[in-house]
Amino acid sequence: MDTSMLITSAFVLMAIAFVIGRARSLAIASDLGGPKALNSLPVYYGTLMAMWSGIPCLVLVALWSVVDDYAIAHIITQELPEQVKALPETELNLVLSLITNIAANNAMGLDAEPYVINSANRLIALQQTSNMALTVVCLSTAMILMVLVWLKISPKMKARIKVEKAFTNILLLCASIAIFTTAGIVLSVLFESIRFFQSVPIHEFLFGLEWSPQMAIREDQVGGSGAFGAVPLFVGTMLISAIAMTIAVPAGLMAAIYLSEYARPKVRTTVKPLLEVLAGIPTVVYGFFAALTVAPFIKESGGLFGLDVSSESALAAGLVMGIMIIPFVSSLSDDVINAVPQSLRDGSLGLGATKSETIKQVVIPAALPGIVGGVLLAVSRAIGETMIVVMAAGLAANLTLNPTESVTTVTVQIVTLLVGDQEFNSPKTLSAFALGLVLFTITLALNYIALMVVKKYREQYE
Amino acid sequence: MKESSENLNAIDLVNRSLKARYRAEKRFKAYGIAAILFGLACLVILFTDIISKGHSAFLQTEVYLEVTFDSDRLDIDDVSNSAQLMAADYQGIIKAALRERFPDVSGRRDKRTLYSLVSNGAGFSLREMLIDDPSLLGKTVGVWLVADDDIDTYVKSRGDNPEDAFTGRMSDKQIAWVESLMENDQLALNFNTTFFTSGDSREPEQAGILGAVMGSLFTLIVTIVLSFPIGVAAAVYLEEYAPRNRLTDFIEVNINNLAAVPSIIFGLLGLAIFIGFFEMHRSIPLVGGLVLSLMTLPTIIISSRAAIKAVPPSIRDAALGLGASKMQMVLHHVLPLAMPGMLTGAIIGFAQALGETAPLLMIGMVAFIVDIPGGVADPATALPVQIFLWSDSPERAFVERTSAAIMVLLAFLISMNTLAIWLRKRLERRW
Amino acid sequence: MKDNTMNEPTDNVATNIEENAFSGQTVGTPLCDDAKMSMRNVNVFYDTKQAIHDVSLDIGKNEVVAMIGPSGCGKSTFLRCLNRMNDTIESCKVTGDIKLEELDIYHPKQDVVPLRARVGMVFQKPNPFPKSIYDNVAYGPRIHGLVNRKYDLDEIVESSLRRASLWDEVKDRLHSPGTGLSGGQQQRLCIARTIAVSPEVILMDEPCSALDPIATAKIEELIAELSQKFTIAIVTHSMQQAARVSHRTAYFHMGKLVEVNDTKRVFTNPEHELTEAYITGRFG
């Protein structure tokens with residue numbers, strides 16, 4: 001039985017267990033004067049039985065499918081001829097993947113060496129055995145547990161409490177997925193980054209001024225080692241983010257101020273959702289817009305002023321990114337501006353201040369921490385934004401602050417390095433994870449600070 | 001008396017400053033209006049740009065030819081033999097029909113140029129015709145065949161004035177043939193069904209979005225099936241069960257931070273964990289859905305928590321007061337009441353996931369895939385990724401298809417968001 | 001008989017009194033000769049709901065007028081009409097005449113900025129700006145352009161703080177945040193902030209409701225001093241406070257002005273039975 005069949009049968013078993021468990025509790029109860037004699041409702045006995053028969057079985061399937069590939073690969077490696085085992089690790093991996101391919105496609109009679117064919121056959125046999133074993137173990141576990149619970153069902157059994165406890169634990173498990181995800185992110189980028197820093201020293205990566213992760217197709221190729229100084233990427237990322245923020249912060253903030261302080265309710269209820277449409281447009285659409293409409297437009301209008309603007313200028317990408325972030329800034333600022341108590345506005349207006357004086361000198365200073373928090377979140381968005389820069393910014397790692405030139409960013413490089421065919425374990429591929437680590441660390445720090453600032457601010461006025 | 005003169009003094013000073021202050025007020029207000037107008041203008045420009053570029057992709061230039069289903073040329077002697085029907089050289093009879101239409105074309109090179117008027121995928125539609133109606137064998141019928149993308153671009157850019165036309169790679173001879181076809185009404189713009197019924201292709205006129213739409217659909221199904229129940233469960237735990245302790249705080253910090261982690265990082269996670277560690281296949285919607293679930297989860301948890309919070313405590317007290325257990329209270333009272341709010345938040349989260357591109361690039365859903373995926377384990381792309389791929393293609397005909405694909409994607413997103421708004425309006429309960 | 005009435009639920013009593021209701025004609029002496037502000041036939045509506053019914057009242061120069069009445073009687077709404085603070089509430093409509101000396105403050109062309117510079121306001125909850133003590137007081141003079149030199153500003157800040165009897169407590173920490181002061185100090189800071197603009201009238205909307213008795217006593221003392229220089233209208237929910245600080249007292253009931261008389265008279269020998277019911281604590 002393959003895994004999906006197994007999972008389906010586990011669910012079928014659970015359903016059966018539910019029905020049996022419920023019936024069993026009712027049967028017992030009927031001798032003692034009806035369902036009232038039971039500690040819990042019959043449903044709970046059914047649920048309890050279903051959980052006991054289903055959950056261990058599913059866990060077993062999950063664990064097994066993680067472990068068995070490794071176990072089988074280990075056995076296969078052990079059984080390879082001595083001279084093959086002596087090969088360096090990379091070549092050994094090649095042999096292994098050849099074996100797996102042959103086994104997977106049932107591609108016999110290829111001009112492979114006999115030991116490979118043997119191993120492939122062995123692999124198929126092992127996989128079948130493993131599958132059989134899993135099926136037997138799983139289903140019998142489920143059955144045995146079902147019988148055990150069936151025997152244990154008694155009127156005194158506190159089925160409801162047990163079910164509720166399990167329910168709470170399942171909920172806790174779901175909530176903990178956030179922790180697992182973070183751990184997964186940290187482990188996946190950290191692990192590969194450490195391997196990268198074994199071949200490229202960390203200070204060279206963080207402070208090096210040249211970035212050219214050359215394609216090392218052949219080992220003897222010139223320049224095959226590449227240069228991994230990420231400073232041009234950091235500068236490019238910051239340049240584009242800075243352009244985006246110079247658009248988004250004033251526009252978003254002023255829009256929020258106007259909508260929350262000046263606009264009539266009718267204007268507000270129409271304009272706000274319209275602006276939020278900008279936030280709902282997928283980034284790939286902005287990328288397309290930036291690359292095909294804005295970039296040529298900027299290049300042409302730059303030409304009118306005698307400026308030589310690159311067709312992949314930082315300006316185009318930054319501008320469009322700024323437009324994308326406007327609603328983000330405006331809705332965050334809107335929240336914090338609305339959190340400023342009306343009594344402060346009254347105090348200022350009562351002294352005869354005009355509306356704009358009140359806003360500029362009382363509301364904004366009062367909301368400043370919140371606004372700063374929002375801007376930090378927006379910066380983190382800009383830094384992590386991928387599609388706009390992939391489509392509209394360049395690939396060349398120029399170290400420049402000139403917005404009319406082409407720059408590249410951290411995210412662009414991650415995408416370029418990891419899309420398409422890639423050789424695992426080469427510094428080129430691993431460097432993407434190192435960039436990912438930097439990106440994750442910076443955005444995490446920004447988010448954390450921003451959330452703290454906003455939280456403090458909210459507490460102040462609650 | 002001194003008092004009054006001082007007061008007069010103050011009010012005079014106030015009055016004197018008024019003009020400048022009101023100018024500042026007006027300026028400030030104008031900045032606000034300008035900011036809003038800028039945002040709205042960007043929205044309008046973006047939409048007009050996409051629509052003006054993309055609307056023409058819904059039409060496709062077709063060439064009218066008198067095609068003879070010549071059984072010799074097709075090499076079919078038995079119409080019930082499906083192997084013969086599949087293998088026949090339909091392109092050959094199109095070429096013959098073209099030679100017939102332009103009898104004065106001679107020479108190998110000219111002939112080859114002539115053949116390139118019609119898409120090299122046009123034969124498939126003839127095959128469909130013959131399979132549907134085997135009696136056509138040996139007959140001559142007039143059919144509309146899909147033109148090559150160069151011709152398509154020429155016709156669309158030409159409008160009524162040949163001067164405006166974008167000729168691109170077309171030779172003068174081709175232009176002359178096209179003009180002659182147009183004069184005889186043998187060239188027309190018809191509805192582009194291929195765009196909605198095909199997978200990807202290197203040839204613009206044969207490229208469609210169905211493959212990408214199905215890929216997106218399967219990815220989204222995986223995302224919904226995983227992230228909605230888990231997200232709701234997590235929200236219930238945090239709102240109803242979680243004790244105030246370190247673990248709970250840590251979970252909350254994690255959720256809030258994950259909500260702001262760049263999506264590409266989730267792609268790296270998928271690449272390293274699902275593909276690298278669990279050895280799942282690349283390019284499949286299952287992995288895409290897993291990654292997008294993890295990405296959407298924080299959004300769903302946050303909005304579900306808000307919905308649960310909005311259920312008044314009195315309902316909980318009433319349920320508990322009747323002797324309901326906590327689980328019964330949650331399942332019978334809190335969840336049904338919070339469901340509209342949770343659905344609204346979830347749909348908005350799914351719309352975001354539907355438009356997401358970067359993480360899918362990381363897990364290899366960018367391959368060139370012609371076949372339409374039939375399940376979550378078939379290699380596929382997704383609609384936004386298809387847009388990304390096409391936008392890189394140099395052919396002009398792909399630009400309009402990219403824009404059209406964007407229009408389709410936006411249509412999906414807008415309908416999802418409208419559904420969310422409708423749900424909120426329809427089911428929202430005010431306490 | 002009397003005991004019987006006392007034992008009944010209070011709201012019942014209130015309805016009883018309302019039934020032999022208030023005619024609409026204010027009793028006592030709502031008007032005076034030397035009026036700083038004069039209100040005639042003022043009606044206030046929130047959308048369609050009428051909050052103030054046909055109120056006419058004068059506030060004399062350098063007089064302290066207290067407005068009392070059960071909560072929801074419209075006294076705060078009425079006070080907020082006097083410097084058009086109700087403008088911030090969109091649904092609020094005001095009809096009738098309100099004059100500051102000869103100035104019609106609800107005239108369509110009348111600007112609220114200079115009006116509010118002349119009629120200042122102190123609010124229920126102390127609301128110092130999140131700025132330093134100095135900047136809080138200097139805020140008004142700065143926005144109105146009352147001073148050009150730092151020296152003059154320093155002087156205004158000092159004199160305002162002195163008049164608000166806060167100077168001695170804060171002179172060493174003028175540049176620490178105003179929000180760091182105690183509740184009573186914050187309220188006096190708000191008063192200092194108001195008088196720094198040299199208004200002619202100060203409106204006080206339950207200025208002591210958020211304060212402890214000692215802070216309240218200080219503010220009350222302050223009001224007595226300020227009345228020598230300013231005209232003051234104060235809304236209060238505490239009858240004792242009205243009795244202590246005001247010259248005249250106006251009693252509001254359900255949006256109507258029932259009685260205006262000398263404070264002493266109102267609290268010893270009220271003219272209207274509703275006033276009597278209120279000050280004897282039968283409802284409120």
Side-chain angles (χ1 to χ4, degrees), chain A residues 66 69 160 164 167-168 170-172 174-179 181-182 184-185 188-189 192 250-251 254-255 257-258 262 271 274-275 277-278 280 282-285 288-289 291-293 323 326 354-357 377 380 384 386-387 391 411 414-415 418-419 433 436 439-440 443-444 447-448 451, chain B residues 14 21-22 24-25 28-29 31-33 35-36 38-40 42-43 46 49 230 233-234 236-238 241 250-251 254-258 260-265 268-269 271-273 278-279 294 297-298 325-327 351 355 357-358 361-362 366 384 387-388 391 399 402 406 409-410 413 417:
Chain A
V66 172
D69 279 348
R160 182 180 62 77
E164 299 215 334
F167 179 72
T168 316
I170 292 173
L171 293 185
L172 172 62
C174 289
S176 312
I177 284 185
I179 297 179
T181 312
T182 314
I185 290 175
S188 53
V189 292
E192 310 278 332
M254 282 313 296
I257 288 171
Y258 186 84
Y262 285 103
V271 171
L274 276 178
L275 279 184
V277 171
L278 278 177
T283 53
V284 68
V285 177
F288 178 75
F289 182 61
L292 270 89
T293 308
I323 295 171
I326 289 175
T354 63
K355 226 165 182 176
S356 64
E357 285 160 354
L377 281 178
S380 129
T386 310
M387 292 320 292
M391 295 166 83
T411 48
I414 294 178
V415 169
L418 288 183
V419 167
F433 286 92
L439 183 62
F440 180 68
T443 50
L444 192 71
N447 297 341
Y448 190 74
L451 289 174
Chain B
V14 171
R21 290 168 68 191
Y22 277 114
E25 172 82 19
F28 191 71
K29 225 171 145 178
Y31 293 149
I33 294 175
I36 287 171
F38 175 71
L40 294 182
C42 289
L43 189 65
L46 183 67
D49 183 52
I230 294 179
V236 167
Y237 180 78
L238 291 174
Y241 285 91
F250 189 56
I251 292 176
N254 270 300
I255 290 172
N256 288 333
N257 276 322
L258 283 180
V261 164
S263 60
I264 192 170
I265 299 282
L268 287 178
L269 166 82
L271 180 61
I273 303 282
F278 288 109
E279 302 192 325
L294 293 182
L297 213 45
S325 71
K326 200 155 187 184
M327 184 171 112
T357 322
L361 300 184
M362 296 288 96
V366 278
I387 291 166
F388 169 63
S391 72
V399 173
T402 315
I406 289 176
L409 177 62
L410 289 179
L413 295 182
N417 282 302

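Chain identifiers are assigned alphabetically (A, B, ...) following the order of the sequence lines, protein sequences preceding nucleic acid strands; residue numbering begins at 1 within each chain.
- No part of Ala351(B) comes within reach of chain A, as not one of its non-hydrogen atoms sits under 4.5 angstrom from that chain.
- Of all the heavy atoms in Leu43(B) and Leu274(A), the pair that sits closest is CD2-O, 3.5 Å.
- Residue Thr443(A) touches chain B through its side chain alone, counting heavy-atom pairs closer than 4.5 Å.
- Across all non-hydrogen atoms, the minimal contact from Leu269(B) to Ser188(A) is CA-OG, 3.8 Å.
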Working for side-chain contact (heavy atoms from CB on, under 4.5 Å), residues Met327(B) and Thr168(A)
CA-CA 8 Å; Met327(B) 184 171 112; Thr168(A) 316; over 6 Å; no
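- Listed here is the closest heavy atom pair of Gly184(A) and Ile273(B): O-CD1, 4.1 Å.
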Worked check of side-chain contact (heavy atoms from CB on, under 4.5 Å) between Ile170(A) and Tyr237(B)
CA-CA 9 Å; Ile170(A) 292 173; Tyr237(B) 180 78; over 6 Å; no
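- When side chains are defined from C-beta on, Pro262(B) counts as touching Leu439(A), because their heavy atoms get closer than 4.5 Å.
- The contact between Phe388(B) and chain A is made by backbone and side chain atoms together, counting heavy-atom distances below 4.5 Å.
- Proximity to chain B (any heavy atom under 4.5 Å) is shown, for Leu172(A), by both the backbone and the side chain.
- Residues that satisfy the ring-ring contact (aromatic ring centres under 6.0 Å, His included) test with Tyr448(A), not counting sequence neighbours, are absent from this structure.
- Chosen from Cys174(A), Gly384(A), Ala251(A), the residue pairing most often with chain B at heavy-atom distances under 4.5 Å is Cys174(A).
- For chain B, the nearby parts of Leu292(A) are the backbone and the side chain; heavy atoms of each come within less than 4.5 Å.
- The parts of Tyr31(B) that come within reach of chain A are both its backbone and its side chain, each placing non-hydrogen atoms under 4.5 angstrom from that chain.
- For Leu258(B), the part sitting under 4.5 Å from any heavy atom of chain A is the side chain, from C-beta outward, and nothing else.
- Residue contact with chain A, scored on non-hydrogen atoms closer than 4.5 Å, involves the backbone and the side chain of Val399(B) alike.
- Proximity to chain A (any heavy atom under 4.5 Å) is restricted, for Leu409(B), to the side chain, taken from C-beta onward.
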Would Met254(A) and Phe28(B) count as a side-chain contact (heavy atoms from CB on, under 4.5 Å) here? Give the steps.
CA-CA 9 Å; Met254(A) 282 313 296; Phe28(B) 191 71; 3.9 Å; yes
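- Considering only heavy-atom pairs separated by less than 4.5 Å from chain B, the leading option among Ser356(A), Pro282(A), Ala255(A) is Ser356(A).
- Both the backbone and the side chain of Ile255(B) come within contact range of chain A, judged by heavy atoms closer than 4.5 Å.
- Of the two parts of Ile177(A), only the side chain, counted from C-beta on, holds a non-hydrogen atom closer than 4.5 Å to a non-hydrogen atom of chain B.
- The choice from Ile387(B), Thr402(B), Asn417(B) that makes the most heavy-atom pairs within less than 4.5 Å of chain A is Thr402(B).
- Interatomic distance, OH of Tyr262(A) versus CD1 of Ile33(B), reported as 9.5 Å (0.5 Å rounding).
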CA sep, side-chain torsions, deciding dist, call: Leu268(B), Ile185(A), side-chain contact (heavy atoms from CB on, under 4.5 Å)
CA-CA 8 Å; Leu268(B) 287 178; Ile185(A) 290 175; over 6 Å; no
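- Judged as a ring-ring contact (aromatic ring centres under 6.0 Å, His included), and not counting sequence neighbours, Phe440(A) has no contacts.
- Looking at Ile326(A), only its side chain comes within 4.5 Å of chain B, counting heavy atoms on both sides.
- For Ile251(B), the parts lying near chain A are the backbone and the side chain together; criterion is any non-hydrogen pair under 4.5 Å.
- Side-chain atoms of Asn254(B) never come within 3.5 Å of backbone atoms of Ile179(A) as a donor-acceptor pair (strictly under, hydrogens ignored).
- Met362(B) and Val419(A) make their closest contact through CE-CG2, 4.3 Å (heavy atoms, listed as atom of the first residue, atom of the second, distance).
- Atom NZ of Lys326(B) is surrounded by more than 12 heavy atoms from other residues, nucleotides or ligands within 6.0 Å.
- Of the atoms belonging to Leu278(A), heavy atoms from both backbone and side chain fall under 4.5 Å from chain B.
- Contacts with chain A were tallied for Val261(B), Val14(B), Leu238(B); Val261(B) has the most, counting heavy-atom pairs under 4.5 Å.
- In this structure, Asn257(B) and Thr182(A) have side chains that are not in contact, with every pair of non-hydrogen atoms separated by 4.5 Å or more.
- Shown here for Leu451(A) and Asn256(B), the closest heavy-atom pair between the two residues is CD1-CB, 3.5 Å.
- In this structure, chain B has heavy atoms under 4.5 Å from both the backbone and the side chain of Thr354(A).
- The part of Leu297(B) that comes within reach of chain A is its side chain, from C-beta onward, which places non-hydrogen atoms under 4.5 angstrom from that chain.
- Ranked by non-hydrogen atom pairs under 4.5 Å with chain A, the options Ala233(B), Ser391(B), Gly39(B), Gly355(B) are led by Ala233(B).
- If you tally non-hydrogen atom pairs under 4.5 Å between each of Arg160(A), Glu357(A), Glu164(A) and chain B, the highest count goes to Glu164(A).
- Taken to the nearest 0.5 Å, the CE atom of Met387(A) stands 8.5 Å off from the CD1 atom of Ile264(B).
- Ile323(A) CD1 to Leu46(B) CG: the interatomic distance, rounded to the nearest 0.5 Å, is 8.0 Å.
- Counting all heavy atoms, side chain and backbone alike, Gly32(B) lies closest to Tyr258(A) at CA-CB, 3.8 Å.
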